[in-house]
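See structure below.
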Number of protein chains: 2
Amino acid sequence: MSYTISQVAQRTGLSIHAIRYYDKEGLLPFVDRHNGTRVFQEQDIDWIDLICCLKKTGMPIKDIRTLIQHCMDHDAVLDKGLEILARHRENVEEQLKELQRSLDTINYKIKHLPRMYKEKFSAEAVGSAN
Amino acid sequence: MSYTISQVAQRTGLSIHAIRYYDKEGLLPFVDRHNGTRVFQEQDIDWIDLICCLKKTGMPIKDIRTLIQHCMDHDAVLDKGLEILARHRENVEEQLKELQRSLDTINYKIKHLPRMYKEKFSAEAVGSAN
DNA sequence: ATAAACGATAGAGTGAACTCTAGGTCAACG
DNA sequence: CGTTGACCTAGAGTTCACTCTATCGTTTAT
């Protein structure tokens, strides 16, 4: 079973434009062509899913390209590809902690917003009374 | 105690340029001026901390401006400001879940990368044998 | 009194990641 | 045989959030 670009767009949630852009940027070197038209296989979609996941977790396109290029290189895949992914996993774990801290801060600020607000206006009242 | 823009930059980790940019974008309507020079109070830094937190959690600048403007409006603060923050908190909770899902996916992909890689090259071997 | 240090503004430039447009190819259908 | 519809490329345009530059004003120390 193979897929057209619009079917892949449907399945992945990416726009057709974005897929072509990713290809142009070297993220999809594994995609076959038929008369110039891209023909996607099931496993290509697995790779695109990985790309989407890396994007969602903030990996820039040039880093994804590096990873993909390593993975297309027979000898280096287990070494360099896995190394990059493992490093990114740590990064995502840090993002999780940071996001949790931010959530705590937001909760704190929600609790104290009335006070912050009050203090600011008291200060301004003093200021304008001067 | 009051602070200059460079002291605020130090304390918040923002660049001086970014602080001025935020001011220009209407995020810091509460900052006083002395002879045109910005003078920051302690509670202004509390507001800037909130702004940083909202930015880190993906709120765009125009939405932060809307929130701040509501909070500078006496009558609406508890209603609209808290409402926006509460909605954003739900958003951040969803981000946390999504990030956790992405981490799971990355772990899964790390486990299966050797297989994805192998299948891709098998497929290409078949293709080039045709 | 003048130079250094720090502050200000306006506006141009940057980089990332798309998004859109124009113009073209190709296979299938009536 | 022509027209639709889906695909293609090259490249221009857009948005966001800064970042940088040029130029100017104000304190402060020597």
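Here is the naming used below: chain letters follow the sequence lines, and residue numbers restart at 1 for every chain. Just so you know, these numbers come straight off a predicted model, no measurement behind them.
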Using whole Å, report how far CG of B:Asp23 lies from P of D:dT19. 16 Å

Between A:His17 and A:Tyr21, does the ring centroid distance fall short of 6.0 Å? no

Point-to-point distance, once rounded to the nearest 0.5 Å, from CG of B:Leu50 to CG of B:Leu85: 6.0 Å

Would you find a donor on one side and an acceptor on the other, under 3.5 Å apart, between the side chain of B:Arg38 and the backbone of B:Val31? no

Report the distance from atom OH of B:Tyr21 to atom C1' of D:dC16, rounded to the nearest whole Å. 7 Å

Between B:His34 (NE2) and D:dT27 (P), how many Å, whole number? 11 Å

Are A:Thr4 and D:dA6 close enough that a side-chain N or O sits under 4.0 Å from OP1 or OP2? no

Between D:dA6 (P) and A:Ile19 (CD1): distance, integer Å: 15 Å

Using whole Å, what does the distance between atom P of nucleotide D:dA12 and atom NE2 of A:His17 come to? 16 Å

Taking CZ from B:Arg33 and P from D:dT26, how many angstroms apart are they, rounded to a whole number? 14 Å

On DNA chain C, nearest-nucleotide positions of B:Lys24 versus B:Ile16: which is more 5'? B:Ile16

Quick one: label B:Arg38 by what it contacts on the DNA or RNA (base, sugar-phosphate, nothing), any heavy atom closer than 4.0 Å. sugar-phosphate

So, B:Arg115 and A:Asp46, do they make that salt bridge, N to O below 4.0 Å? no

Closer than 4.0 angstrom, basic N to acidic O: yes or no for A:Lys97 and A:Glu90? no

What verdict does the salt bridge (Lys or Arg N to Asp or Glu O under 4.0 Å) test give for A:Glu83 and A:Arg87, after you've listed the backbone C-alpha separation in whole Å, the side-chain angles of each residue and the deciding distance to 0.1 Å? CA-CA 6 Å; A:Glu83 187 192 316; A:Arg87 226 176 318 123; 3.2 Å; yes

Could you tell me whether B:Lys55 contacts a base, only the sugar-phosphate backbone, or nothing, with contacts defined as non-hydrogen atoms closer than 4.0 Å? sugar-phosphate

State the CD-CD1 distance between B:Gln7 and B:Ile45, to the nearest 0.5 angstrom. 8.5 Å

Separation of D:dG25 atom C1' from B:Arg20 atom CZ, nearest Å, is 13 Å

Think B:Tyr22 has a side-chain N or O under 4.0 angstrom from the OP1 or OP2 of D:dC18? yes

Would you mind reading off the distance between B:Ile5 atom CD1 and D:dG25 atom C1', rounded to a whole angstrom? 16 Å

On DNA chain C, which is the earliest and which the latest nucleotide, 5' to 3', with an atom closer than 4.0 Å to a heavy atom of chain B? C:dG7 to C:dG11

